[in-house]
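On a predicted model such as this, the values are computed, not experimentally measured, just so you know.
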Amino acid sequence: MLTADLTALARRVAALHGQYEADSLAHTTAPALALGTFERVGSNWLSDSLRAEMPQHNEPFRQQLSRKHPTSPHNRVPLELTGGAWLGELEQHHLACALSDLYGHPRHLVKETNLFFSTDTTLTLLPYSPVLILTRAPVGVASSFARGRLWKRWGYGERYAQVAVTARSARWRDEFGLLLPQDDPEEPVALGRLMAVNALLLARALKGRAHTIVSYEQHVTDPTGTLGRIAALLSVDLLAKVQPRPTSPIAADSTFATNRHKSELIAGLDCRTAELVSKYANDTLGRAAQTLDPQVTATAAEWLSGDDLYELHEPVARPRRAGRPAAAGQKVPLPSYCPTAGVSWRNTLVTNGEMADLLTMLHVAGMPNTQCGTNLLLCPMPHERGGRLHFDAKQRRWVVSPGFEAHPAYWVTWVGAAVMAAWSGARLPTRAEALEASLGAPPARNSAYAIGDASCVVEPGLGAGQVHHLVGNVQVWCSDGPAQGSERPEQRYLFGAAWNTPGTRVAIQAERSRYLLGSSRGVGIRLVRDPDTTQATGLGAWELAHRLNGWIDDLVGPARSLGELDRRLVTALTAGEPSS
């Protein structure tokens, strides 16, 4: 069965980061797992509070795995309908590397919300992780959804339909089949039902497993006490390092910003909406009592309590904003390379327009971005979730969200960055080169949610012969990474500050790394050249597609460690001579 295979994979990865002791694994490097009863439950507050102590992973299973991956929370086909088949070689390698990326010292924090029917899978993959449950009363979540129009922006009507179908599959229908009627309900009704079902699935999966509750309402009213409990659980010193948040203007795009401090429990909902959300959450919990363990339903009900703590105010929606175009009056200069600290740095970050061209040519050359549920070059997120690059199946090409052509490409994997470098006759900088170049750089212009998203690659006031956003806007992939040992997957350094990370000198120089197929909304590409890398060394799309496909075919060959397989991929993408 697939579950048994996932258990074996989890133990294999954990063994790379721990030691066997009397038939069990003892780990100090297993990540802390923060699971939300729904979205908008304060996970960003938790992440910001722990950032100085713990590396962060924001929804790696929801974001990094393609919808077609058997273990993805977005997979429309329930696991039992896949025939119990095991993951293919590429899927298995990707999942093993992604899991390994979550382990480390100091301990990492992994945040996941709305796992729904993949909750069991996630807990199976991280059996040694301490678990935090992030809760929030339904009217509080509904208020956040209403303020940002998130139900429509994030496609929750479709999400409801997907979850309702899965609830009727053979594996789940006896317990959950009656909880999500397929009746096309209005938003507050569906939202209440979904919150109850996700909470029930969490409570069911965690029965018998230790966990700690982090209540949104408690962290708003008593942040110091809440931090103290978290610090005790994770054995970290938080109170001495967390500083009061400065008052900051609201970012131009504040959907993902976390620089707004809250000290009151106010729900921007009318009475009818609040009553519907609360009623249908409670009704769903009541129906669940007929099919689920009473302890499970009681736990979920406790997590979803607290509606009475909120004061209702008239709802005020955020103003609608069209897609932001490149900065007015600023023409993006042609790529050129400027000598900086002994290396020639490209004047601008790689743009979405450039990345779309490369992805299209690779697709034509026989290298589609997503294969076997694995995103090789770029994670194609929906625009409403921060994605700016999308594959148009009818036109068979990649397109950019209107107005974002001159913005830096992000959600790019190290593989995608290395392919862009090889195609451009350039390379990625080393961490040492980036450190040296940043010493004389001006402060990051776009960091710490100043804007709420990446801005145009052109930095106001700089010319074509200068390096724009040397730090800030997005972090960039490096060509080197920390030593991992021969068995562990390879990692590559990230450097700089991004729109959603601190822009202090300490933060810019902090050492951080990701696995080769990892990506995020704050990491892009900066290219450099030296005497050995010029335009003449660039590789064509057909050659690059050939090398990538050759590596994928190689996965089926003799058994090799995760580290060896990754090193073969690095060699394929950085070797200058065309393969025979």
Side-chain angles (χ1 to χ4, degrees), residues 331-362 364-365 367 377-378 406 408-409 412-441 457-459 462-471 473-481 492-496 516 523-548 550-551 567-580:
K331 182 178 180 181
V332 178
L334 293 174
S336 62
Y337 289 80
C338 312
T340 304
V343 180
S344 293
W345 290 67
R346 208 182 92 152
N347 56 348
T348 58
L349 296 158
V350 170
T351 66
N352 286 317
E354 293 174 290
M355 198 69 197
D357 289 343
L358 174 59
L359 290 168
T360 296
M361 285 189 278
L362 287 170
V364 172
M367 174 45 60
L377 309 165
L378 175 132
V412 181
T413 68
W414 182 88
V415 174
V419 168
M420 173 59 77
W423 185 58
S424 303
R427 63 174 175 83
L428 303 177
T430 66
R431 172 173 162 77
E433 289 169 340
L435 274 169
E436 185 177 0
S438 70
L439 293 178
V457 297
V458 175
E459 190 169 0
L462 299 185
Q466 296 173 284
V467 180
H468 298 242
H469 295 292
L470 184 58
V471 293
N473 218 2
V474 292
Q475 296 175 346
V476 296
W477 283 107
C478 295
S479 62
D480 58 339
R492 288 296 178 264
Y493 289 123
L494 309 173
F495 186 83
L516 302 185
V523 178
I525 309 171
R526 171 79 72 184
L527 302 178
V528 300
R529 282 181 180 169
D530 55 35
D532 295 326
T533 55
T534 65
Q535 185 64 45
T537 66
L539 300 177
W542 289 94
E543 172 63 22
L544 289 166
H546 174 67
R547 294 187 182 199
L548 283 169
W551 176 76
R567 286 187 290 275
R568 293 170 76 90
L569 175 59
V570 171
T571 299
L573 297 179
T574 56
E577 292 296 324
S579 55
S580 58

**Study point:** Qualifying residues under ring pair (Phe, Tyr, Trp, His ring centres under 6.0 Å), relative to Trp551, sequence neighbours excluded
**Key:** His93
Point to revise | For Arg346, all residues meeting salt bridge (Lys or Arg N to Asp or Glu O under 4.0 Å), sequence neighbours excluded | key: Glu354
Revision key, fill the gap. Of all heavy-atom pairs linking Met355 and Val412, the shortest is CE-CG1, 4.1 Å
Practice item. Return the set of residues passing side-chain hydrogen bond (donor to acceptor under 3.5 Å, both in side chains) with Gln535 (not counting sequence neighbours), or none when no residue passes. Key: Arg529
Exercise for review: Sequence neighbours left out, what passes side chain to side chain contact (heavy atoms under 4.5 Å, CB included) with Thr534? Give chain and number order.
Suggested key: Ala536, Thr537
Check your understanding: Under a 4.5 Å cut-off applied to non-hydrogen side-chain atoms, are His469 and Leu349 in contact?
Key -> yes
Practice item. Please identify each residue that fulfils side-chain hydrogen bond (donor to acceptor under 3.5 Å, both in side chains) with Asn352, with sequence neighbours left out. Key: none
Check your understanding: Is there a donor-acceptor pair under 3.5 Å between the side chain of Ser424 and the backbone N or O of Ala421?
Key -> no
**Study point:** Side chain proximity check, Val350 to Pro408, heavy atoms < 4.5 angstrom
**Key:** no
Point to revise | Test item: Gln475 side-chain N/O and Phe495 main-chain N/O as donor-acceptor pair under 3.5 Å | key: no
Practice item. Evaluate the side-chain proximity of Val457 to Val332: yes if any heavy-atom separation is below 4.5 Å, no if none is. Key: yes
Point to revise | For Asp530, all residues meeting salt bridge (Lys or Arg N to Asp or Glu O under 4.0 Å), sequence neighbours excluded | key: Arg427
Review point. Listed by chain and number, what are the side chain to side chain contact (heavy atoms under 4.5 Å, CB included) partners of Leu573, not counting sequence neighbours?
Key: Trp414, Val415, Ala418, Val419, Leu548, Leu569
Check your understanding: Is there a donor-acceptor contact under 3.5 Å from the side chain of His546 to the main chain of Ala365?
Key -> no
Point to revise | Heavy atoms of other groups near Leu439 CG, more than 12 under 6.0 Å | key: yes
Point to revise | With Ser479 via side-chain hydrogen bond (donor to acceptor under 3.5 Å, both in side chains) - residues at least two apart | key: none
Point to revise | Any Thr430 side-chain heavy atom under 4.5 Å of Glu433 side chain | key: yes
**Study point:** Residue pair Met367, Leu544: steps toward the side-chain contact (heavy atoms from CB on, under 4.5 Å) verdict
**Key:** CA-CA 9 Å; Met367 174 45 60; Leu544 289 166; over 6 Å; no
Check your understanding: Quick one: does Asn347's side chain have a donor or acceptor within less than 3.5 Å of a partner on Tyr337's backbone?
Key -> no
Point to revise | side-chain contact (heavy atoms from CB on, under 4.5 Å) between Val528 and Leu428, worked out | key: CA-CA 6 Å; Val528 300; Leu428 303 177; over 6 Å; no
Review point. Counting N and O atoms only, with roles assigned by atom type, does the side chain of Gln466 sit under 3.5 Å from a partner on the main chain of Gly463, one being a donor and the other an acceptor?
Key: yes
Check your understanding: Taking only residues two or more places apart in sequence, or in another chain, which ones meet Ala441 in a side chain to side chain contact (heavy atoms under 4.5 Å, CB included)?
Key -> Leu470, Val471
Review point. Partners of Arg526 by salt bridge (Lys or Arg N to Asp or Glu O under 4.0 Å), sequence neighbours excluded?
Key: none
